[in-house]
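A quick write-up on the structure given underneath.
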Amino acid sequence: MNDRVARLLNHRKGRLAKGDPVVAPIVTSATFHLPDVQGAAHVYGRNGSPTWEELEAQLAILEDAECVTFPSGMAAISAALFATLGAGARLVIPSDGYYVTRILSSGFLASFGVEVVEMPTAAMETADFTGATVVYLETPSNPGLDVIDLAATSARARAAGALVIVDNTTMTPLLQRPLDLGADLVVAADTKAPSGHSDVLMGHVAGRDAVLMARVRDWRRMAGVVPGGFEAWLVHRGLETLEVRLERMCASAAVIAARLADHPAVGALRYPGLAGDPSHRAVASGQMANGGFLIGFTLADAGRAEAFLARCFCIAQSTSFGGTHSAGERRARWGDAVPEGFIRLSVGLEPVETLWRAIAEALPEG
Ligand SMILES: *Cc1c(COP(=O)(O)O)cnc(C)c1O
């Protein structure tokens, strides 16, 4: 991993000519000088842009695969699904994963003749995938933080003739690499920890099959879902500090999770980094480099959960996660199948003892 981080930080060096800017330039041009069409590096802003390519070069180092960027995580997920599914296909997706993927599937793909089968993440490990075209996995699942054995589940899905797509948003390629474990495509929201500052949306698809990736790239060009130059540049800058941010966030999350687990007001705590957690096996096996920076826990009811979030000065009351500041929300407000008092906490960069004091002071007595 350290090798990948060092290569990411220096990825432009080998291509620089004397006098070139060391930092990647922001290119916003929609058009390119094109006296004739043969051999031009860039032809039109919907086909490709130098700033996306800088970002894709970084991501390719992290994923060890070809990467295509999109203007949001959902744009990347849509591209992967539209590139691999058609009428008569069967898509297996988690019923407890990121909810917009489910409503995209039921609300749009189903009307194009895709059969959508939902099942809990925990059931994917033993499910029969016969007849599936695409098996879509999310581990740890957002927000429940359940895990699946990626190598074993991918192998079973592929043996059944299915393509495997993994949403790797909660881990990032520094903490988990599904392509190494048998996935065909990885999709991710770089809106979260990779950009890391809650100020830009971005996503990418990664894969090692050139034919599949050409279809994903074609989808971007034809559907016209293209990132902007400024946005790509922001994510490029964010990625340079991803490793140090993750180090702080995951170490703090381990401390906060252990203390929350001991608090009398807190129930059903989930953190894959804790030895007793049902998802710890994915950390123990090395599938996940550590427990990540997301914690799930439940307070007695919706009122107490909202009061805690409102009282804690260190927790932004917002959806999304992976930013510099800690963030938390009551997921039942979006209709996730979780208890009313369930909170997903994204641990940020605040010094851990200050963060813990703020959390402890805001928690109900028990
Ligand atoms: C946020 C998120 C997405 C969607 O990303 P956007 O950039 O908001 O479109 C997809 N999957 C997971 C697991 C997410 O957390």
Side-chain angles (χ1 to χ4, degrees), residues 52 55 59 67-82 91 93-105 107-109 118 120-121 124 134 136-148 150 165-173 175-176 178 183 185-206 219-220 223 225-228 231-232 234-235 238-239 242 246 249 270 272 279 282 288 292-296 316 318-323 327-329 331 333-338 342-348:
W52 315 341
L55 171 58
L59 290 168
C67 292
V68 179
T69 49
F70 288 89
S72 68
M74 280 316 303
I77 290 168
S78 305
L81 294 176
F82 278 90
L91 168 67
I93 54 167
S95 55
D96 53 351
Y98 185 62
Y99 77 109
V100 185
T101 307
R102 285 200 302 283
I103 56 179
L104 168 75
S105 302
F108 286 89
L109 294 170
E118 291 187 16
T121 292
M124 295 265 192
V134 168
Y136 186 98
L137 308 172
E138 195 180 303
T139 177
S141 59
N142 172 20
L145 304 180
D146 279 330
V147 298
I148 30 184
L150 275 175
I165 302 177
V166 179
D167 183 333
N168 200 37
T169 300
T170 51
M171 280 287 101
T172 85
L175 302 180
Q176 175 171 272
L185 293 176
V186 157
V187 293
D190 298 307
T191 308
K192 310 292 170 54
S195 67
H197 293 70
S198 315
D199 54 8
V200 60
L201 285 96
M202 191 66 64
H204 76 270
V205 178
W219 170 265
R220 176 172 67 180
V225 274
V226 294
E231 286 76 7
L234 274 175
V235 180
L239 274 173
L242 175 61
L246 283 176
M249 289 155 69
R270 293 298 306 270
S279 294
M288 297 162 62
F293 54 85
L294 293 177
I295 301 171
S318 59
T319 194
S320 195
F321 54 83
E329 71 168 336
R331 287 300 298 185
R333 67 182 185 171
W334 298 107
D336 282 351
V338 291
F342 173 90
I343 290 172
R344 183 190 63 201
L345 178 65
S346 169
V347 175

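Order of appearance sets the numbers: ligands from 1, and atoms from 1 within every ligand.
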Q) Can you list the residues that meet the ring pair (Phe, Tyr, Trp, His ring centres under 6.0 Å) rule with Y98, with sequence neighbours excluded? A) none
Q: For the pair T172 and N168, evaluate side chain to side chain contact (heavy atoms under 4.5 Å, CB included) and give the outcome as yes or no after the intermediate values.
A: CA-CA 6 Å; T172 85; N168 200 37; 5.7 Å; no
Q) If you count only heavy atoms, which residues are under 4.0 Å from ligand 1? A) S72, G73, M74, I77, Y98, E138, N142, D167, T169, A189, T191, K192, L201, F321
Q: Go through the side-chain N and O atoms of R102 and S95 and say whether any donor and acceptor fall under 3.5 Å apart.
A: no
Q) Out of R344, R331, K192, which residue meets the side chain to side chain donor-acceptor pair (under 3.5 Å) rule with N142? A) R344
Q | Residue pair M171 / F293, side-chain heavy-atom distance below 4.5 Å | A | no
Q.
Quick one, S78 with L104, criterion side chain to side chain contact (heavy atoms under 4.5 Å, CB included). Give me CA distance, side-chain angles, the key distance, then yes/no.
A. CA-CA 8 Å; S78 305; L104 168 75; 3.7 Å; yes
